[in-house]
Amino acid sequence: MRRWQRILSLLVVMTVFISMFSSMASAARDPWLWPFTQDSIWNTPIGSNAVYYGQGHFGQAGFVGADIEIHSKTSASDPVRPIYTINTWNDRCAGTNPADGTITSMNIPDDFIIPDARPQYTPNNVAAFLLPNGNLFQLGPLCRDAHGGPVYGYQYPEEGPVSLQSDGRPGVHFGSRLSGFGGTVRAGDLTSSTPIRHALKLELFAQKYLYFSNSGDPTQNYRWPAYSADGYAGDCVNSSYNCYKGTDPKFVMGVLLAIPPNVTAESLGITTEPGKKVFKALQDYGGYYADDASWDGHYFSISEEELGAFEQTYGYSFDSRSGSWYDDMNKIVKALASVDNNSPTSVGGGGDRRAPLADPVFGTMDSVVPTAPSGLQLVSMTNNSAVLSWTPSTDNVKVARYEIYNGTTKIGESFTNNYANVTGLKPNTSYTLRVRAKDSSTNASTFSSTVTFTTAPGFSETFDTASTAWSLTNATIAGNKLTVDPNWLVSASAIYTGSSFTAPYRFKTDLSTQGSDYGNQAQIYFNYTDASNYYSIWFTGGDTNTIKLNKTVNGTTTTLATAYNYNLSGANAEVRLEAGSSGNAISLIATKGGSATTIFNKIADSTFSSGKIGYAASYQNFSIDNVNVTNDIGDIAAPTAPGSLTAATLAGTNKINLAWTAATDNTGVRGYYIYNDKAAIGYTSSLSYTITNPLPSRTYNLTVKAVDLAGNVSSASNSTLITTKADAYTEGFSSNATYDWTFLKAKVNNYMLQLTNFNGDARATYYNQIFGKSYTYNVALQSDGLSNSAKTRVLFNYVDANNTYYVEFGGGASNTVSLVRVLNGTATTLATYAGNYNIGAWDWPVISINYNNGNINVTANRTGTVTNLFTNISDSNIVSGQIGVGSLYNNVYADTISVK
């Protein structure tokens, strides 16, 4: 960077500085990408006066998940369809009950489909539509399961849509009546380098954590900004599982939750990149308790685009019961406290804000369409699915999804950037598919070229219509599913009589079970001849369960293989079982939450070579959907393992750079998953990957696996060990990045840190590491202040604005230099330099602070001349903290930061 360019700033009149920097905001906001007013609850950062209460109130959850929100724009050219209220929570797309709000119909594309609820899957389906008149219309739970059919959902606020430029408070999260658009994790929030710049919405187990008062005053059961609590909150007679049973009256629906400033991502042991982003957002903006999870889960509201991009970016599912991401989210939720003084007059507690305010000015919405996908090709195909690949589109903001069309009918979507596994196709049917891209503003590209093919023969059943080809005993086909043993009887079965199948074949089933102990049993039949001769997958309910591969010959059952502890039951558990016979080998692969697990691998047995398929249950409510049998085994060949994995820290940083040689595959390698100690930490389609924020003083055991277009994963590469440096950090702002820093009237500009506030203080602190015991902090400074009242501060052992040390330089040549301690809000000067030290001469002196177990030494180096400012100053009131830069009534630049 040419330093002389910065000298030009001295020629600018002070009033221009004030006009330029007083708001410290970015360009005018796109109201779709960053909605609602600057002082909205969603856009207001936590303040320095926040009163934190009750940290540790929330505990470990058995599940971390996403509550998907649907955001879409409609056009005046879309057909107008009626809106009805839902029939019941479990049967939504039914009836003609009139809409409960002011809008009884809406413009909506006929191919916009949102499936109905199904057993163990009843999402909130909160939706927000931008109407042709520019206002936001909210429905929930949204349901629309028929092409061109009516739309179902409750609407709120009842008075009608709201403006994107309003405060954005009301909406269709019916636990709180808060917005279905504000607070959502949007496209790029977790998958880009930009920090989240808004509050979040959390949904935790209300029965366990929220308080309900029986005083008769409903306002005691929620707090601003919520409008209400759940209708069942106090009904422990009819809703004993859902009613609120928390004991602390401070924790009610609508409470603002945040991570106190003395907690760091490092102190919690946050290891995943998205975990660090969530931590940062919840510390700077907080999250509102917006709805009830209704069971032991920690949920975050997230757009469907970002949920799809999450797995593509990181290689693991957002929904999880174990792993590093699951651990990080539990650590973060357990660290939350309430912001007790959050109110309409002091949003976020008031005081100095932890992050810059949003620009008060709205711009126009992005209308630039992405480029069209190119090079569309068919990679592989079965009787009910096809894998497509293409060259990705580009966009001025972000490509969010790809839509797959058969002719003019949309049949699928993909949130990956260059391929799609299109499911739900019919056997022996011709398809002509094409793809288009949509960006984060829902602008659609033109279509790609087409690809035409005919699916393989086979059997596929979705139970969308009545079927007579099943022999049912204590079983039903209704509600788009097959249910075996709905009445929890001793014996129930369903056998498909329409055909027999001869090995080799694949037999796939989506299923869910409700029983949770050993006595709740279910079976999947294949090569079934009669009730005395068949193969079966036999399994019990619960977390500590048993799964067996059995064969029954003339009524005698023999177990061929046994596995344990793979839970096929539970809310929101979508399980896919693949029982395949290839020659004399039988395999069982279960897919749950996007993760495939091989339970039985090529178990040899040749007793039965053909037969029917079916299901059975005993004291187990067993639901089945999406049955598929095909003789095309498909691509089951995994790629070769990546080779020659190396790891090295980038010069002057703790960032870990990985590189490897390419894997090979029969259909093509899609990308590579990166693992640390067998836990997925990232994904890339290239042959290198950078871990940007590893923890210091940690040993990483790294491997890489390849994945092909069919989803087959290779064995691991060679492993490599690398240990990060202790308390090492360097920053030259060479990428204009703002990640890992907290700003107050500050920003990264022109590849340097800039702090500007002529009416008060400004501050920038690096939050990703806590430094203590012994370290040296170096920073190059330049101040535009010409009087001693214009201060520049070098912050160290920074806990918060009320607890820190700093070295303070007045402006001008005849200035005062002081070493100051702030403890519980009281500033004390520990030492004053006997002379003057000017940092406004544009020669960028480097200030070095050495902290060694309570002993403080400070030097300044101006073009090789070292000046001792403070020597052996002893103070141990604050033993560790963050580093940073501050200013008072000044415009200050900082660059070339390092900590050793």
Side-chain angles (χ1 to χ4, degrees), residues 38-59 167 169 176 178 183 196 198-202 204 206 209-211 213 219-226 229 246-265 267-268 278-290 331-357 742-745 760-761 763 765 767 770 795 798-804 822-827 877-878 881-882 884 886:
Q38 183 188 65
D39 59 356
S40 161
I41 61 170
W42 309 115
N43 292 328
T44 303
I46 301 295
S48 59
N49 295 335
V51 176
Y52 297 91
Y53 171 84
Q55 187 180 22
H57 179 77
F58 301 101
D167 67 5
R169 182 181 160 210
S176 62
L178 288 176
I196 299 172
H198 56 81
L200 305 182
K201 289 190 298 244
L202 288 83
L204 312 174
Y209 299 121
L210 291 190
Y211 174 81
S213 169
T219 62
Q220 294 187 22
N221 302 315
Y222 61 91
R223 61 175 294 174
W224 185 91
T247 59
D248 191 331
K250 296 274 191 179
F251 288 91
V252 293
M253 185 61 75
V255 63
L256 174 60
L257 305 170
I259 299 173
N262 63 322
V263 180
T264 66
S267 67
L268 290 183
V278 172
F279 174 93
K280 169 75 167 167
L282 288 174
Q283 191 165 67
D284 284 356
Y285 292 89
Y288 288 93
Y289 203 134
K331 291 172 185 175
I332 286 171
V333 172
K334 289 192 287 187
L336 291 170
S338 76
V339 179
D340 199 41
N341 58 337
N342 182 54
S343 73
T345 57
S346 61
V347 181
D352 294 337
R353 299 300 173 181
R354 290 187 55 87
L357 293 172
T742 296
F743 295 128
L744 171 69
K745 304 292 185 182
D761 67 328
R763 187 168 57 250
T765 55
Y767 73 85
I770 294 296
L795 310 171
Y798 176 92
V799 177
D800 54 38
N802 294 316
N803 296 277
T804 186
V822 182
L823 188 64
N824 297 324
T826 300
N877 280 280
I878 309 172
Q882 303 170 14

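Residues satisfying the side-chain contact (heavy atoms from CB on, under 4.5 Å) test with S213, not counting sequence neighbours, are Y211, S215, Q220, N221. Under the salt bridge (Lys or Arg N to Asp or Glu O under 4.0 Å) criterion, D761 pairs with R763, sequence neighbours left out. Partners of V822 by side-chain contact (heavy atoms from CB on, under 4.5 Å), not counting sequence neighbours, listed by chain and number: T804, Y806, V820, A827. Listed by chain and number, the residues in a salt bridge (Lys or Arg N to Asp or Glu O under 4.0 Å) with K250 are D340 (sequence neighbours excluded). For S40, the side-chain contact (heavy atoms from CB on, under 4.5 Å) partners at least two apart in sequence or on another chain are F36, T37, W42, N43. Taking the side-chain contact (heavy atoms from CB on, under 4.5 Å) definition, one finds that P261 meets it with Y52, R354, D800, sequence neighbours left out. Taking the side-chain hydrogen bond (donor to acceptor under 3.5 Å, both in side chains) definition, one finds that S343 meets it with T345, S346, sequence neighbours left out. The side-chain hydrogen bond (donor to acceptor under 3.5 Å, both in side chains) search around N877 returns D875, not counting sequence neighbours. By the ring-ring contact (aromatic ring centres under 6.0 Å, His included) test, F58 is found to be paired with Y209, F251, residues two or more places apart in sequence or in another chain being considered. For D248, the side-chain hydrogen bond (donor to acceptor under 3.5 Å, both in side chains) criterion is met by Y53, not counting sequence neighbours. Every residue two or more places apart in sequence or in another chain was checked for a side-chain hydrogen bond (donor to acceptor under 3.5 Å, both in side chains) with T247, and none qualifies.
Nearest heavy-atom pair, Q55 versus K334, reported as atom, atom and distance to 0.1 Å: CG-O, 4.4 Å. When all heavy atoms are compared, the tightest approach of A335 to L268 is CB-CD1, 3.8 Å. The shortest heavy-atom contact between G254 and A226 is CA-CB, 3.6 Å.
Between T264 and Q882, some side-chain heavy-atom pair lies under the 4.5 Å cut-off. When side chains are defined from C-beta on, L744 does not count as touching P45, because their heavy atoms never get closer than 4.5 Å.
For the pair N341 (side chain) and N49 (backbone), a donor-acceptor distance under 3.5 Å is present.
No side-chain N or O of K201 forms a donor-acceptor pair with one of S176 less than 3.5 Å apart.
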